[in-house]
> 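I am attaching a structure below and will ask some questions about it afterwards.
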Amino acid sequence: MATTEMLPGSRTDADGSAVVRVLSYNIRSMKDDTAALARVIGACAPDLVLLQEAPRFFRWRKKLARLASDSGLVILSGGATAAGPALLCSLRATVERTEDVLLPLTPGQHRRGFATAVARFGGARLGVLSCHLSLEKRERYDQGGMVLDRVAGAGVEHVVAGGDLNDEPAGRTFRRLAGTLTDCRTAAPWGGEHTWVRSDPPKRIDALFVTKGVEVLGCGVPHDQPGVTEADLRAATDHLPVLAALKVPAAV
């Protein structure tokens with residue numbers, strides 16, 4: 001049963017561990033109401049934002065920078081250089097490194113990629129990966145394996161990965177990811193469940209996952225987050241965002 005209590009705010013504890021708020025959001029190339037989009041992101045008060053379908057073409061850097069600024073954040077990595085996935089962060093993050101990854105191109109399919117980074121929050125180090133997986137089942141499954149490979153090779157003990165999976169929890173690719181990583185929504189349901197509501201029935205096709213040792217304090221669609229209105233959620237883009245609060249141990 002999902003709780004409707006407020007998610008914990010960002011903080012760093014005396015032992016160096018940190019509570020990090022992470023948002024994943026497919027923003028449909030910012031083709032909708034960008035003011036509503038910035039209001040939703042800002043109201044969620046995230047430390048990290050995993051974007052999918054970030055602008056990729058004409059003046060894409062300017063558009064992404066404007067969204068980051070209007071949301072009270074800065075660009076971390078990604079965009080056209082990762083074929084759509086991007087990362088934003090708050091000034092709380094100390095960035096260690098970033099890398100944009102282009103995946104093998106399947107003829108007839110869209111180019112896909114990952115936006116990745118490692119950042120520190122207090123004494124905690126956290127790897128992060130944003131992805132947007134294929135609509136084609138076989139390619140999507142292979143890309144799910146690539147996500148796991150990148151997480152395993154991140155060079156940091158604790159990682160959060162997620163995005164638009166184009167797959168539901170019962171799907172083969174979703175199950176592949178959840179078989180190795182912790183599905184944040186399943187671990188600590190909070191807020192709403194479904195991220196794609198333009199179908200009947202609605203679906204959960206956007207998700208966040210973490211590696212062992214990261215405690216999930218809550219995860220779901222932030223319907224009841226102060227400052228997030230249903231009107232803005234409808235106007236901002238065609239997906240609903242996923243917000244999680246994570247307790248990340250201090251690096252050893």
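Index from 1, following the sequence. Predicted model, so just to flag it, every value in this text is computed and none were measured.
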> Going by heavy atoms in the side chains, are Leu165 and Thr173 under 4.5 Å from each other?
no

> Evaluate Arg125 against Glu157 for salt bridge (charged side-chain N to carboxylate O under 4.0 Å, His left out), listing each step before the verdict.
CA-CA 8 Å; Arg125 296 177 73 225; Glu157 183 177 2; over 6 Å; no

> Take atom NE2 in His110; do more than 12 heavy atoms of anything else shown fall under 6.0 Å from it?
no

> Can you confirm whether the side chains of Ser130 and Gln52 place a donor and an acceptor under 3.5 Å from each other?
yes

> Decide whether Ser134 and Gln143 meet the rule of one side-chain donor and one side-chain acceptor closer than 3.5 Å.
no

> Minimum heavy-atom separation for Val160 and Leu208, please, with both atom names.
CG2-CD2, 4.2 Å

> Would you say that more than 12 heavy atoms from the other residues, nucleotides or ligands in this model lie under 6.0 Å from the CZ of Arg111, or not?
yes

> Is the shortest side-chain heavy-atom distance between Arg150 and Val159 below 4.5 Å?
no

> Tell me, yes or no, whether the heavy-atom count around Arg66 atom CZ, taken from other residues, nucleotides or ligands under 6.0 Å, exceeds 12.
no

> Checking the side chain of Ser17 only, and the main-chain atoms of Asp13 only, is there a donor and an acceptor separated by less than 3.5 Å?
no

> I need the minimum non-hydrogen distance between Asp232 and Ala36, along with the two atoms involved.
OD1-CB, 3.5 Å

> How about Thr106 and Arg112: do any of their side-chain heavy atoms sit closer than 4.5 Å?
no

> Distance from Leu233 atom CG to Leu37 atom CG, nearest 0.5 Å?
10.0 Å

> Suppose the criterion is ring-ring contact (aromatic ring centres under 6.0 Å, His included): which pairs have a residue in residues 135-171, not counting sequence neighbours?
none

> Could you pull out the closest heavy-atom pair between Ala43 and Gln225, with the gap in Å?
O-NE2, 3.1 Å

> Which heavy atom of Lys63 sits nearest to which heavy atom of Met30, and what is that distance?
O-CE, 3.5 Å

> Could you go through residues 80-94 and list every donor-acceptor pair under 3.5 Å that involves a side-chain atom there, pairing it with any protein atom two or more places apart or in another chain?
residue	atom	partner	partner atom	Å
Thr81	OG1	Asp100	OD2	2.7
Ser90	OG	Arg92	N	3.2
Arg92	NH1	Val19	O	2.8
Arg92	NH1	Asp47	OD1	3.4
Arg92	NH1	Asp47	OD2	3.1
Arg92	NH2	Arg11	O	2.6
Arg92	NH2	Thr12	OG1	3.2
Arg92	NH2	Val19	O	3.3

> Walk me through it: do Arg176 and Asp167 pass the test salt bridge (charged side-chain N to carboxylate O under 4.0 Å, His left out)?
CA-CA 11 Å; Arg176 183 176 194 178; Asp167 203 22; over 6 Å; no

> Distance-only, no hydrogens or angles: does the Trp190 side chain make a donor-acceptor pair with backbone N or O of Glu5 under 3.5 Å?
yes

> Looking only at heavy atoms, what is the nearest atom pair of Gly79 and Ala54, with distance?
CA-CB, 4.4 Å

> Could you state the interatomic distance from CG (Leu135) to CG (Asn166), rounded to the nearest 0.5 Å?
4.5 Å

> Could you tell me whether a side-chain N or O of Arg185 sits under 3.5 Å from a main-chain N or O of Gly192, the two making a donor and an acceptor?
yes

> Compare all side-chain heavy atoms of Glu53 with those of His132 and state whether any distance is below 4.5 angstrom.
yes

> Among Val242, Leu133, Leu51, Asp206, find the residue that satisfies the side-chain contact (heavy atoms from CB on, under 4.5 Å) test when tested with Asp164.
Asp206

